[in-house]
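Heads up: the structure comes next, in structure tokens.
Remember, predicted model here, so these are calculated numbers, not experimental data. Just so it is clear, the values below take in all heavy atoms, side chains as well, and ignore hydrogens, waters and symmetry mates.
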Amino acid sequence: MAATTHTVTNQAPPLVGYDVYACDRALTEGVERHVAPELLDGVREELGELGRAAGSAQAQEWGVQANEYPPKLRTHDRYGHRIDEVDFHPAWHRLLGRAVSAGLTAAWTRPAGHVRRAAGFMVWTQAEAGHGCPVSMTHAAVPALRADPELVAEWEPRLTSRVYEEGLRPAADKPGVLFGMGMTEKQGGSDVRANTTRATALTGGGAGEYELTGHKWFCSAPMSDGFLVLAQASEGLTCFLVPRVLEDGTRNVFRIQRLKDKLGNRSNASSEVEFDGTWARRVGEEGRGVRTIIEMVAATRLDCVLGSAALMRQSVAQAVHHAAYRRAFGGLLIDKPLMRNVLADLALESEAATTLALRLAAAYDADTEEERAFLRLAVPTAKYWVTKRCTPVAVEALECLGGNGYVEESGMPRLLREAPLNSIWEGSGNVQALDVLRALQREPQALNAFLAEVGRARGADHRLDGAIKDLLTELADLDGIEARARRLVERMALVLQGSLLVRWAPPEVADAFCASRLGGDWGAAFGTLPYSLDLAAVVERARAVV
């Protein structure tokens with residue numbers, strides 16, 4: 001008979017065996033809002049199936065295994081031949097396979113493709129975030145390749161395939177492929193125009209064929225089938241497609257020097273690679289590499305927003321779930337006024353991120369001139385702010401679980417280690433802020449579209465109206481604008497989120513957001529919302545019911 005001291009009481013059950021999609025009201029309502037009625041039944045069924053898979057014990061175990069057994073580099077085989085391969089745990093391949101079969105690389109070929117894909121990406125990221133890197137880059141490669149009709153005709157069907165098959169073989173022999181990206185070099189970082197990788201046109205080759213020589217400091221998912229990279233050609237920085245395996249079955253020169261030992265994202269292999277006479281095909285015109293690859297960058301930046309929103313949602317779901325079961329000081333934590341304030345504050349941040357992320361995805365689906373102009377400002381603004389908010393949300397959510405949250409088995413430490421990632425990848429905070437300034441100075445139609453979107457909620461909340469007025473004043477003063485860029489972009493993001501929530505969120509959510517984020521009735525830490533608000537309703541809305 002077990003000792004009475006071993007009896008476990010007052011512990012929350014694991015959050016498992018639930019529908020990640022159906023339990024996220026901000027997400028489901030956003031999909032209903034942005035997807036045409038005639039498509040909704042099919043989209044609901046598709047996302048519900050993925051949501052149940054993401055919340056299953058099996059998927060959660062895959063996530064644990066993929067991180068406990070990180071990828072390993074094998075530079076040579078037993079005979080001394082250079083092979084440059086990375087071995088992954090089977091759980092990694094199962095996660096990737098489910099992502100691809102769910103259409104998370106196929107947005108460009110489906111009706112309402114970007115909204116359904118954004119929702120699916122957010123759902124499946126909550127099972128495990130690291131494998132989302134090659135999923136994101138594969139999705140984002142399509143618009144960059146469209147700069148070359150011949151290349152996109154060859155590669156787009158492979159990139160948008162819903163079949164995943166591991167292993168390196170000629171792309172033409174595989175039912176589907178994954179893509180990576182290599183821009184960053186050690187001497188330049190985000191300053192890609194400082195790249196020194198050289199591209200030499202092949203005199204005896206076909207049109208657009210080159211050899212590359214150089215070193216990429218950061219290349220994620222090196223086991224992908226192809227990569228978009230930047231290199232200096234005779235006319236300047238140019239975009240190239242580098243296949244891992246050539247058409248004749250031989251390996252392209254793609255020397256993996258080492259895998260990065262990262263803070264988080266440990267399931268995903270990030271590497272340094274060397275090109276030495278590496279065969280490549282030019283994408284777009286010589287000297288216009290940044291303009292060509294910028295479409296890929298914009299799409300991956302949106303995925304940074306989606307990924308951060310997903311991590312926030314999972315953090316909040318875990319915190320609310322714990323508080324709904326854990327008893328302390330004579331009652332459930334979720335009923336304690338101070339804990340309720342913390343949970344509601346976290347839920348507001350999560351819902352604002354989700355609502356903004358889906359609005360951006362809907363703009364991609366609309367693909368009008370006005371929506372493209374809106375995205376020009378809204379994407380770097382959202383990338384700056386939403387990814388910045390992810391880490392404090394993860395920290396506070398972990399604290400809601402107390403010591404239990406600090407233990408690896410809770411899953412919260414993994415969420416915390418993942419949280420800073422999206423703020424760094426695809427351009428850190430300063431890069432995003434400077435990108436917003438460039439758009440403001442060079443593309444007046446982008447500001448007009450942004451202000452038109454924000455203005456759709458004018459008159460609905462006096463705090464939002466005041467924030468819009470202050471933002472217009474800030475935009476009218478360009479003195480010292482670079483030093484004020486972060487402050488400006490933060491205000492733009494909050495005003496945009498406030499406008500969306502006032503129009504679409506329940507009154508208690510919009511009221512709490514405007515009072516705190518726009519009205520200034522808020523402290524420097526989570527859990528400092530005005531006590532007079534309907535916080536219980538905000539918390540209950542965020543609860544994932546098993």
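Checked by atom type and distance alone, the side chain of Asp465 pairs as donor or acceptor with a backbone atom of Gly459 at under 3.5 Å. In terms of modelled atom types and a separation under 3.5 Å, the side chain of Trp124 and the main chain of Leu95 share a donor-acceptor contact. Remark: side-chain polar atoms of Ser350 are not paired, donor with acceptor, to backbone N or O of Leu346 under 3.5 angstrom. At distances below 3.5 Å, not a single donor-acceptor pair connects side-chain atoms of Thr355 with backbone N or O atoms of Ala352. Lys383 places no side-chain N or O within donor-acceptor distance of the main-chain N or O of Gly429, the cut-off being under 3.5 Å. For Lys388 (side chain) and Pro420 (main-chain N/O), no donor-acceptor pair under 3.5 Å exists by modelled atom type. Here the side chain of Ser56 pairs a donor or acceptor atom with the backbone of Ala53 at under 3.5 angstrom. Put simply, the side chain of Gln432 never gets that close to the backbone of Val379: no donor and acceptor are under 3.5 Å apart. With Arg117 contributing its side chain and Leu104 its backbone, the two residues share a donor-acceptor pair below 3.5 Å. Under the 3.5 Å distance criterion, the side-chain polar atoms of His321 are matched with a main-chain donor or acceptor of Pro13.
Here the side chains of Trp108 and Tyr364 are in contact, with some heavy-atom distance below 4.5 Å. Tyr325 places none of its side-chain heavy atoms less than 4.5 Å from the side chain of Leu332. Taking 4.5 Å as the limit, some side-chain heavy atom of Cys400 sits within range of a side-chain heavy atom of Met339. In this structure, the side chains of Arg438 and Asp435 come closer than 4.5 Å at one or more pairs of heavy atoms. For the pair Glu474/Met492, no side-chain contact is recorded, criterion being any heavy-atom separation below 4.5 Å from C-beta on. In this structure, the side chains of Asn404 and Gln11 come closer than 4.5 Å at one or more pairs of heavy atoms. Within the 4.5 Å cutoff, the side chain of Leu27 has no heavy atoms near those of the Arg313 side chain. Residues Met412 and Val407 have side chains not in contact (no heavy-atom distance under 4.5 Å, counting atoms from C-beta outward).
Crowding of Glu45 atom CD: a count of heavy atoms from other residues, nucleotides or ligands under 6.0 Å not exceeding 12. Heavy-atom neighbours of Glu443 CD from other residues, nucleotides or ligands within 6.0 Å: above the threshold of 12. More than 12 heavy atoms of other residues, nucleotides or ligands shown are found within 6.0 angstrom of CZ on Arg33. Other residues, nucleotides and ligands contribute at most 12 non-hydrogen atoms within 6.0 Å of the NZ atom of Lys469.
Pairing each heavy atom of Ala54 with each of Ala59, the nearest pair is O-CB, 4.0 Å. Ala378 approaches Leu496 most closely through the heavy-atom pair CB-CD2, 4.3 Å. When all heavy atoms of Gly180 and Met296 are compared, the closest pair comes out as O-CE, 3.9 Å. The two atoms that bring Pro111 and Leu39 nearest to each other are CB-CD1, 3.8 Å, heavy atoms only. In terms of heavy atoms, Ala221 sits closest to Ser224 at O-OG, 2.8 Å. Looking at every heavy atom in both residues, Leu348 comes nearest to Phe513 through CD1-N, 4.0 Å.
Of the inter-residue distances, the one linking Leu178 atom CG with Thr105 atom OG1 reads 7.5 Å to the nearest 0.5 angstrom. Taken to the nearest 0.5 Å, the CG atom of Leu472 stands 13.0 Å off from the CG atom of Asp477. Atom CG of Asn422 and atom OG of Ser428 lie 13.0 Å apart (nearest 0.5 Å). Taken to the nearest 0.5 Å, the CD1 atom of Ile424 stands 9.5 Å off from the OG1 atom of Thr387. Once rounded to the nearest 0.5 Å, the distance linking CD1 of Ile468 with CZ of Arg463 reads 13.0 Å. The CZ atom of Arg372 sits 9.5 Å away from atom CG of Leu375, with the distance rounded to the nearest 0.5 Å.
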Practice task
Evaluate side-chain contact (heavy atoms from CB on, under 4.5 Å) for Arg340 paired with Ile334, printing each intermediate quantity in order.
Solution key: CA-CA 6 Å; Arg340 182 186 296 156; Ile334 200 169; over 6 Å; no
Exercise for the section: May I have the step-by-step check of side-chain contact (heavy atoms from CB on, under 4.5 Å) for Leu471 and Phe450, ending in yes or no? Expected result: CA-CA 12 Å; Leu471 176 61; Phe450 182 90; 4.3 Å; yes
Practice task
Verify side-chain contact (heavy atoms from CB on, under 4.5 Å) between Glu295 and Arg146, making sure each step is shown before the conclusion.
Solution key: CA-CA 10 Å; Glu295 294 293 337; Arg146 286 178 174 173; over 6 Å; no
Practice task
Apply side-chain hydrogen bond (donor to acceptor under 3.5 Å, both in side chains) to Ser270 and Ser220, showing your working.
Solution key: CA-CA 4 Å; Ser270 300; Ser220 281; 3.1 Å; yes
Problem - Test log, rule side-chain contact (heavy atoms from CB on, under 4.5 Å), inputs His131 and Thr125 - result: CA-CA 8 Å; His131 76 286; Thr125 293; over 6 Å; no
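In summary, Glu61 and Arg94 do not engage in a salt bridge, as defined by a charged side-chain N under 4.0 Å from a carboxylate O. A salt bridge links Arg456 with Glu453: the closest approach of a Lys/Arg side-chain nitrogen to an acidic carboxylate oxygen falls below 4.0 angstrom. Salt-bridge formation is not detected for the pair Asp470/Arg491: no Lys NZ or Arg NE/NH1/NH2 atom is positioned less than 4.0 Å from an Asp or Glu carboxylate oxygen. Under the 4.0 Å criterion applied to side-chain N and carboxylate O atoms, Glu426 and Arg301 are not assigned as salt-bridge partners. Remark: Asp365 does not engage Arg110 in a salt bridge, criterion side-chain N to carboxylate O under 4.0 Å. Between Asp345 and Arg517 there is a salt bridge, with a side-chain nitrogen of the basic residue lying less than 4.0 Å from a carboxylate oxygen of the acidic one. In this structure, Arg541 does not pair ionically with Glu508, as no charged nitrogen and carboxylate oxygen lie closer than 4.0 Å.
A cation-pi arrangement is present between Arg359 and Phe374, with the terminal nitrogen or guanidinium carbon under 6.0 Å from the aromatic centre and inside a 45° cone about the axis.
A donor-acceptor contact closer than 3.5 angstrom links the side chains of Asp303 and Ser136. There is a side-chain donor-acceptor pair under 3.5 Å between Ser499 and Arg503.
With Asn67 as the partner, the side-chain hydrogen bond (donor to acceptor under 3.5 Å, both in side chains) test is satisfied by one option alone out of Arg417, Glu128, Glu408, Arg266: Glu128.
Checked against the 6.0 Å centroid criterion, the rings of His34 and Trp504 qualify as a close aromatic pair.
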